[in-house]
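Report on the following structure.
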Amino acid sequence: MTNKIPPLPALRAFESAARHLSLRRAAEELHVTHGAISHQIKFLQESLGVELLQRVGRGVGLTHAGQQLAPKLTDVFKQLVRAMEEVQPKPARRTLRVSVLPSFAAKWLLARLPRFMALHPHIELTLDASLTVVDLQREGVDVALRYGAGDWPGVQAEKLMDEDMLVVASPHYLGPLVPTRAADILAKTLLRDNAAVTWQDWCNAAGVGPVALNSAIVFNDAGLLVQAAVEGQGVALVRSVLVQDDLAAGRLMRLPGPVLAAAYSYYLVTPRHRELSDNAQVFLAWIKAEVRQPTPSTGAHRLG
């Protein structure tokens, strides 16, 4: 027997036909004609001086020699594929750095990020959660999600969404008797953050005269405020965007009363003097589409 290795196309044709036990499927896999597969296998058999395939009904079967050779060829081709993969450059992971408020990240963005990563698995996303306004240019941030009036210097700011202020509480905190009057709500432990809208603003909108507000806890982070409400620490005056998911899941319920316009909005902020990367443009398009998705109703009610 000669030590000369038969041509690769002939070996590939036989290996595929042996694996599928079909000349037609081998031709489809290798993107050649049925006749080309037959020709290559015939050439291989003549080179080796043995029959490898035999007719079985309308298909093909392996001879004893074919049964010996086929699995070894399959292993060889698998090793070749692995060798090629090892020397080829891996697809570069593209990086994207996003600055975001901790409250917005925890109560809105994180639940939606798996959808982004499923669509763009080669983007390596870094989330910088901070209460401070970062310098996008100096810190190398691609996109920032900020809450405010949209008037930050040196950046491009595009409004992402507005929101309202409403009153919520945990069903476990309220028990069977849900308050329906402003006086009943104000008798509870009152929670709020240090935003511009206060409980006194809510009282004024509800038509309640000057009242001595019950004990209150003020949080410097709106996400902590929402979490405190979920844990049943009191009745909270919250931002509607941050409680969407908790309302939908039943962890919080909307209480009767006025809905106030929040003093600020959410903005997409990008560097003014730096061209947007492809990753940044992909992220901006994705988050805008997420905002357009239907959101659970806040279940607004009027005081009885």
Side-chain angles (χ1 to χ4, degrees), residues 100-112 129-131 145-149 160-266 291 294-304:
V100 61
L101 285 170
S103 57
F104 187 76
K107 304 307 296 184
W108 193 89
L109 184 59
L110 287 182
R112 292 158 175 83
S130 174
L131 290 171
L145 293 161
R146 291 183 182 171
Y147 187 70
L160 180 64
M161 56 181 158
D162 296 312
E163 68 178 349
D164 298 316
M165 304 293 295
L166 47 94
V167 176
V168 301
S170 165
H172 300 294
Y173 173 76
L174 296 173
L177 299 177
V178 177
T180 59
R181 299 182 308 150
D184 298 328
I185 293 174
L186 296 173
K188 305 289 185 180
T189 298
L190 304 178
L191 312 175
R192 71 173 180 89
D193 61 13
N194 56 2
V197 178
T198 68
W199 274 105
Q200 190 59 61
D201 296 321
W202 186 87
C203 290
N204 295 339
V208 179
V211 294
L213 298 179
N214 198 15
S215 58
I217 305 175
V218 180
F219 296 82
N220 75 331
D221 180 80
L224 292 178
L225 166 65
V226 174
Q227 190 58 37
V230 169
E231 293 178 0
Q233 296 184 22
V235 172
L237 180 62
V238 296
R239 289 154 39 183
S240 58
V241 168
L242 302 185
V243 293
Q244 286 179 4
D245 295 342
D246 289 314
L247 287 171
R251 292 184 291 267
L252 292 173
M253 65 179 297
R254 165 82 169 87
L255 295 184
V259 175
L260 308 180
Y264 301 114
S265 302
Y266 293 95
V291 169
T295 56
S297 170
T298 56
H301 301 285
R302 293 186 180 275
L303 288 170

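Here the closest heavy-atom approach between residue Asp164 and residue Ala261 is recorded as OD1-CA, 3.9 Å. Contact between Ala169 and Gly234 at its shortest, heavy atoms only, is CB-O, 4.1 Å. Minimum interatomic distance between Ala111 and Asp245 (heavy atoms only, all atoms of both residues): CB-OD2, 3.8 Å.
Taking the side chain as every heavy atom from C-beta outward, Leu145 and Leu109 approach each other to under 4.5 Å. Side-chain contact between Arg251 and Pro171 is absent, with no heavy atoms from C-beta onward closer than 4.5 Å. You'll find the side chain of Gln233 stays beyond 4.5 Å of the side chain of Tyr173, heavy atoms only. With a 4.5 Å cut-off on side-chain heavy atoms, Asp246 and Val226 count as touching. For the pair Leu186 and Cys203, the minimum side-chain heavy-atom distance is below 4.5 Å. Side-chain contact between Val259 and Met165: absent, with no pair of heavy atoms (C-beta onward) separated by less than 4.5 Å. Residues Thr180 and Ile185 fail the side-chain proximity criterion, which asks for heavy atoms closer than 4.5 Å. Using a 4.5 Å cut-off on side-chain heavy atoms (C-beta onward), Val235 and Leu191 make no contact.
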Quiz prompt | side chain to side chain contact (heavy atoms under 4.5 Å, CB included) assessment of Trp202 paired with Val197 | solution = CA-CA 8 Å; Trp202 186 87; Val197 178; 5.9 Å; no

Practice problem: Could you walk me through whether Arg146 and Leu101 pass the side chain to side chain contact (heavy atoms under 4.5 Å, CB included) test, one step at a time? | Solution: CA-CA 7 Å; Arg146 291 183 182 171; Leu101 285 170; over 6 Å; no

Self-check item: side chain to side chain contact (heavy atoms under 4.5 Å, CB included) between Val230 and Ser170, intermediate numbers included
Solution: CA-CA 5 Å; Val230 169; Ser170 165; 5.9 Å; no

Quiz item: Could you go step by step and tell me if Leu247 and Val168 meet the side chain to side chain contact (heavy atoms under 4.5 Å, CB included) rule?
Solution: CA-CA 9 Å; Leu247 287 171; Val168 301; 4.2 Å; yes

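In this structure, Gln227 CD and Leu252 CG are separated by 9.0 Å, a value rounded to the nearest 0.5 Å. Taking CG of Leu174 as the reference point, atom NZ of Lys188 lies at 6.0 Å (rounded to 0.5 Å). In this structure, the separation between OG1 on Thr198 and CG on Leu237 is 8.0 Å, given to the nearest 0.5 Å. Between the OG atom of Ser265 and the CE atom of Met161 there is a distance of 10.0 Å, given to the nearest 0.5 Å. Leu224 CG to Ile217 CD1: the interatomic distance, rounded to the nearest 0.5 Å, is 11.5 Å. Between atom OG of residue Ser240 and atom CG of residue Leu166 there is a gap of 5.5 Å, rounded to the nearest 0.5 Å.
For Asp162, the salt bridge (charged side-chain N to carboxylate O under 4.0 Å, His left out) partners at least two apart in sequence or on another chain are Lys159.
Using cut-offs of 30° and 60° on the angle between ring planes, the pair Tyr264 and Tyr147 is perpendicular. Ring geometry for Phe104 against Trp108 counts as parallel: the plane angle stays under 30°, on a 0 to 90° scale with 60° as the upper cut.
Contact check on Asp221 versus Lys107 returns no salt bridge, with no Lys/Arg side-chain nitrogen under 4.0 Å from an Asp/Glu carboxylate oxygen.
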